[in-house]
Visitor: 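One structure coming up, written as structure tokens, with questions to follow.
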Amino acid sequence: MLENVRSELAAAIAAELSDLGVADAAVSLDVPPRRQLGDLAWAGALPLAKALRRPPRVIAEAVASRLGVRISTAAPDHPLAFVEPEVAVEGPGFVNFRLRRGPALAALLRPPTRRGEGGRGHDRLARDGEGVAGAETSEPGFTPGERGGRGGASAAEALGGGPQRSPKVVVEHTNINPNKAAHIGHLRNAVLGDVLVRCLRRLGRRVEVQNYVDDTGVQVADVVVGFLFLPEARLLEAVAPFWPEVAEGEESVQVRALRALASRDGAGTLVAAELGAGDFDDLCWELYPRVTRWYDELPEATAHRAEVLHALEGGFPAGFTLDAAVQRLASPDPRPRTPDPEALARLAAAIAEANLRCHLITMGRLAVAYDVLPHESDILHRGFWARAFELLKEADAIRLESEGKNSGCWVMSLAESAEFAGMADADKILLRSNGTVTYTGKDIAYQLWKLGLLRDADGALHDFGYREFARFAAPGPAAAVTYGAGDRALVRTTDDRDDRLPGADFGGGERVYNVIDVRQSYPQKVVKEAIRVLGHGDAAENSIHFAYEMVALTPAAVKRLEAAQGLDFGLSAEDMAKPFVEMSGRRGIGVKADALLATLVAEAERAVAGRQGEGPGLAAADLAARARAIAVGALRYQMARQGRNRVLAFDFDEALAFEGDTGPYLQYSAVRARKIFDKLADKGLAGTLEGDAAAVAEVAVPDDLWDLVVTAARTGEMVAKAVASLEFSLLAGHARDFAQMFHKLYHEHPVLHAEDEATRALRRAVFRLFSRTIDEILESLLGIPVPSEM
RNA sequence: GCGCCCGUAGCUCAGUUUGGAUAGAGCGUCAGACUCCGGAUCUGAAGGUCGCGCGUUCGAAUCGCGCCGGGCGCACCA
């Protein structure tokens, strides 16, 4: 509603200006800093003063008086009819507008009508009540013509689920190396990505979520090395706490560990779904730093890494089971000296898959879900790079160096791009002299596929094969995603194009967001540049690196970790004096996502139980569900509220706070609002939405309640602004301001004990709007569940 | 060296992309809140050279230039 009024008002001002001799003025309406000044403001008279050679107030007054006429003669169903005809000129030349509060509130309350019902004007208002149509105006758009038309069709279709042909947005996020447990840095990535996805969907976009799995990189290779080559005592130390059966036996520790891995995989117990239980990714979290420490002590041990890496690139035949692989690795002698490459690749795949499943469960707890899991091994084996290499050569985008330090490499020259101007060495190696492709090379191929631009010579799409990876269910907008029981398929890629899955239609995004931390800016620019030099300028512009700063630890957090684990990370006094300490999976320095969540759940349980008072105790299941919701709310809000360009220095006390500027504060406002309606219903005072809307239409709304109404109405604007700038701190701040206003009003405007029925109807109407809006902001947009009670 | 980011209250941060009216929260500190829809709440107080300087502008935390301090990039790693 607000957005339509805004755009119509802007159009009206532009029309008046053109009568005054100013053609094509760009008119934008602001919200005044204080509500007493009005609901909307136009500051454009000030900059016009010079051009028109008249004082700004004179211009403002001319526009204001003419607008007054236009507004008072507007048709009743026109958006301008929601504006008070008295237009004020204040200060040096601000033009301030007020809304007709009663009618505006009534319009906001009424559920939006579907397209095709009702009159045209009414329909426009209704759709905008959802924040969709108006929201589009400030998003930097798809290039015109790509999007299937502004307004009508696309917005309305999206609300109804959308036709398959509307442009797709691909969002890639999470992308955790499948060699250890997820930590809080990955959490920031996943939450930012997930909130982006939710906001895009709110704006009516068709969105596909990809979680890229780097299953053939050195990180996975290092864990394979850990299982096969790490000195026995060290391997045992990492594995035995998780797999007691490895502690004893005749065979070597390596073989015992491999057998345990295979038998647990066969029994389906390799991955546990219990929060707090030591899982496979926790085992790897212990094992991986031991491997890197071993390399530091014994540099020649890195030869094992190279050997494994090479084996991973070769892959393994379809149908080769983990049991068979372990058999080959275990049989000949206690410690295999020359392992079978295929068996190594099969083992690596099992390790990567188990870690991936752990990550999916971790993210599922936080209501983060995906559509497809592209695997690096499939990019390799499906020949994505080979095809991209041909395209790059055809376009003369790369060249083979015959001398200098890059001799023998295929490089892409960046010297001609303005983006890379001033660089000492403006060449990026894509293919090494030993014939292997770099990560950036693979990423270019992957990005081409994401954009639907990886095509064979005959024009056919060069695509993956697909198979189902898991089934999952997510009962509500912000409810935990649970694997194993639902009817929605999570798909992974395969390297066999004959693996067809009905309805599988992935990649080919009109726009692609890559959620990756800011340290990857350089390679991301290279990828974008490659798309551009291949002749896809528009696609390059629609390849967006959603960059955010890293998560680090405060020195206090590091000390707490060391104390809790009885470890010494060996950081220098200089390091500990810095404002933050970088996490390092290699060194085992970090806060695991699940461990943090478990701590939060425990704290929340204590808090919930503590406020139960005397009455009958809360059922354990209720307690757990509430605590889980609160923990997730605290965590997601902490990740979303901070601007993306600022390093997030993680601190336990801050993370465990439930009061003030926190997720639970927001959740409490939503619970409180619902509670009002529960109580009203008990007393038979609930009223109806239509009744309240009708009652409110003719009534005077006081300033403080009106503030809450306007804030609710601005939600769509905030979503659009957040997406346009990729700053979700804006949305988090909006939610906080909104909840804060409600908490204040809650004390001053009792509903149940209102003085009279008219007062009650008004308060009920305003709080109804609040309740509906905060639920939507939290659950649908921020992914924060609202518990039934707290 | 080159590039990007950060610097706002004692602390942690919004606000900077589109310049606008009296720069906002939370934590912490101090003082308070009705037998009343839940105190994870609310009210009040104290707390600011928006890192520094110059410039543009009717108007600068916001734009430009130059400094200072801090972080991160600039691999035949991923």
Side-chain angles (χ1 to χ4, degrees), chain A residues 26 28 30 32-34 37 41 43 46-47 49-50 55-56 90-94 96 138 140 177 214 216-219 376 405-409 411 419-425 428-434 436 438-440 442-443 517-523 547 549-550 552 554 578-580 582 604 607-608 611 613 630 641-643 645-647 649 651 653-654 657-662 664-669 671-673 675-680 682-683 721 724-727 729-730 732-733 736-737 740 742-754 763 767 789-790:
Chain A
S28 75
D30 309 312
R34 293 181 303 285
L37 293 168
L46 290 99
K50 189 169 269 182
E90 272 155 302
F94 294 101
N96 292 335
S138 44
N177 263 309
D214 184 359
T216 49
V218 288
Q219 299 216 23
E376 184 179 76
K405 66 187 174 84
N406 293 340
S407 182
C409 299
V411 304
E419 288 264 32
F420 298 91
M423 281 191 52
D425 178 8
K428 175 68 194 174
I429 293 167
L430 300 185
L431 194 68
R432 300 181 187 105
S433 54
N434 68 4
T436 59
T438 62
Y439 184 84
T440 305
K442 279 180 272 193
D443 217 13
D517 92 54
V518 70
R519 289 172 292 186
Q520 305 276 349
S521 293
Y522 171 69
E549 263 291 356
M550 64 174 172
T554 59
K578 290 182 174 176
F580 52 81
E582 203 173 335
V608 172
R611 26 179 50 239
I630 291 164
R641 68 164 186 167
Q642 182 150 327
N645 285 326
R646 199 186 275 262
V647 174
D651 178 76
D653 291 333
E654 206 176 306
F658 292 159
E659 293 174 12
D661 189 10
T662 66
Y665 175 89
L666 304 184
Q667 291 170 311
Y668 186 55
S669 75
V671 169
R672 237 182 178 182
K675 206 59 175 282
I676 294 174
F677 288 92
D678 290 349
K679 294 276 178 182
L680 284 170
D682 288 349
K683 303 270 161 109
K721 205 173 164 186
S725 59
L726 296 175
E727 270 306 352
S729 57
L730 293 171
R736 198 221 24 252
D737 292 347
Q740 201 165 44
F742 168 76
H743 277 309
K744 271 178 205 174
L745 296 172
Y746 177 86
H747 288 272
E748 293 160 18
H749 294 271
V751 183
L752 202 54
H753 305 284
R763 292 174 180 172
F767 290 157
E789 306 212 27
M790 289 177 74

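What you are looking at is a predicted structure, and each value in this text was computed from that prediction instead of being measured. Numbers restart at 1 for each chain; the letters A, B, ... are given by sequence-line order, proteins then strands.
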Visitor: Measure from the side-chain heavy atoms of Val647(A) and tell me the nearest of A21(B), G71(B), A14(B).
Guide: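 Shortest atom-to-atom distance from the side chain points to G71(B).
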
Visitor: Identify, with sequence neighbours excluded, every residue that meets side-chain hydrogen bond (donor to acceptor under 3.5 Å, both in side chains) alongside Ser669(A).
Guide: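 side-chain hydrogen bond (donor to acceptor under 3.5 Å, both in side chains) check on Ser669(A) returns nothing, list empty.
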
Visitor: Determine whether the aromatic ring centres of residues Phe767(A) and Phe742(A) are separated by less than 6.0 angstrom.
Guide: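 They qualify: ring centres under 6.0 Å apart.
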
Visitor: Identify, with sequence neighbours excluded, every residue that meets salt bridge (Lys or Arg N to Asp or Glu O under 4.0 Å) alongside Arg736(A).
Guide: Asp661(A)

Visitor: Is it the case that the base of U41(B) and the side chain of Arg672(A) share a donor-acceptor contact (distance under 3.5 Å, atom types as modelled)?
Guide: no

Visitor: Would you tell me if any nitrogen or oxygen in the side chain of Arg646(A) comes within less than 4.0 Å of OP1 or OP2 on G71(B)?
Guide: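 No, because none of the side-chain N or O atoms of Arg646(A) sits under 4.0 Å from OP1 or OP2 of G71(B).
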
Visitor: Does G3(B) have its OP1 or OP2 closer than 4.0 Å to a side-chain nitrogen or oxygen of Ser521(A)?
Guide: no

Visitor: Using a 5.5 Å cut-off between ring centres and planes within 30 degrees, is Phe94(A) stacked on the base of G20(B)?
Guide: no

Visitor: For Ala657(A) and Thr662(A), work out which heavy atoms get closest and say how close.
Guide: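 Residues Ala657(A) and Thr662(A), closest heavy atoms: O-CG2, 3.5 Å.
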
Visitor: Please tell me if Arg519(A) has a side-chain N or O lying less than 4.0 Å from either OP1 or OP2 of C74(B).
Guide: no

Visitor: Each nucleotide N or O in nucleotides 23-32 of chain B that has a protein N or O under 3.5 Å away: list the pair and distance.
Guide:
unit_1, atom_1, unit_2, atom_2, d
A25(B), O3', Gln740(A), NE2, 3.0
A25(B), O2', Arg736(A), NE, 3.4
G26(B), OP1, Gln740(A), NE2, 3.2
G26(B), O2', Asp661(A), N, 3.2

Visitor: Among G71(B), U22(B), U12(B), find the nucleotide with the atom closest to the side chain of Glu654(A).
Guide: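 The answer is U12(B), which lies nearest to the side chain.
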
Visitor: Measuring to OP1 and OP2 of C42(B), would you say a side-chain N or O of Tyr665(A) lies under 4.0 angstrom away?
Guide: yes

Visitor: In dot-bracket notation, what is the pairing pattern of RNA chain B, taking Watson-Crick (N1-N3 plus N6-O4 or O6-N4) and G-U wobble (N1-O2 and O6-N3) contacts under 3.5 Å, with [ ] crossing and | for other strands?
Guide: (((((((..((((......[...)))).(((((.......))))).....(((((..]....))))))))))))....

Visitor: With nearest nucleotides of RNA chain B determined for Phe767(A) and Asn434(A) from heavy-atom distances, which residue corresponds to the more 5′ nucleotide?
Guide: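 Closest to the 5' end, via its nearest nucleotide, is Phe767(A).
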
Visitor: Closest approach of Leu46(A) and Gly93(A), non-hydrogen atoms and distance?
Guide: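 That would be CD1-O, 3.7 Å.
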
Visitor: Going by side-chain hydrogen bond (donor to acceptor under 3.5 Å, both in side chains), name the residues that satisfy it together with Glu748(A), two or more places apart in sequence or in a different chain.
Guide: none

Visitor: Examine the base of C76(B) for any acceptor or donor lying under 3.5 Å from a partner atom in the side chain of Ser433(A), and report the outcome as yes or no.
Guide: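 Check passes, donor-acceptor contact within cut-off.
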
Visitor: Which of these, Thr554(A), Val647(A), Asp651(A), sits in a side chain to side chain contact (heavy atoms under 4.5 Å, CB included) with Phe580(A)?
Guide: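 That would be Val647(A); it is the only one of Thr554(A), Val647(A), Asp651(A) passing the side chain to side chain contact (heavy atoms under 4.5 Å, CB included) with Phe580(A).
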
Visitor: For nucleotides 55-64 of chain B, give me one character per nucleotide, 5' to 3': B if any protein heavy atom sits under 4.0 Å from the base, S if the only such contacts are to the sugar-phosphate, - if neither.
Guide: ---B------

Visitor: If you find the nucleotide of RNA chain B closest to Glu582(A) and the one closest to Gly733(A), which residue's nucleotide is nearer the 5' end?
Guide: Gly733(A)

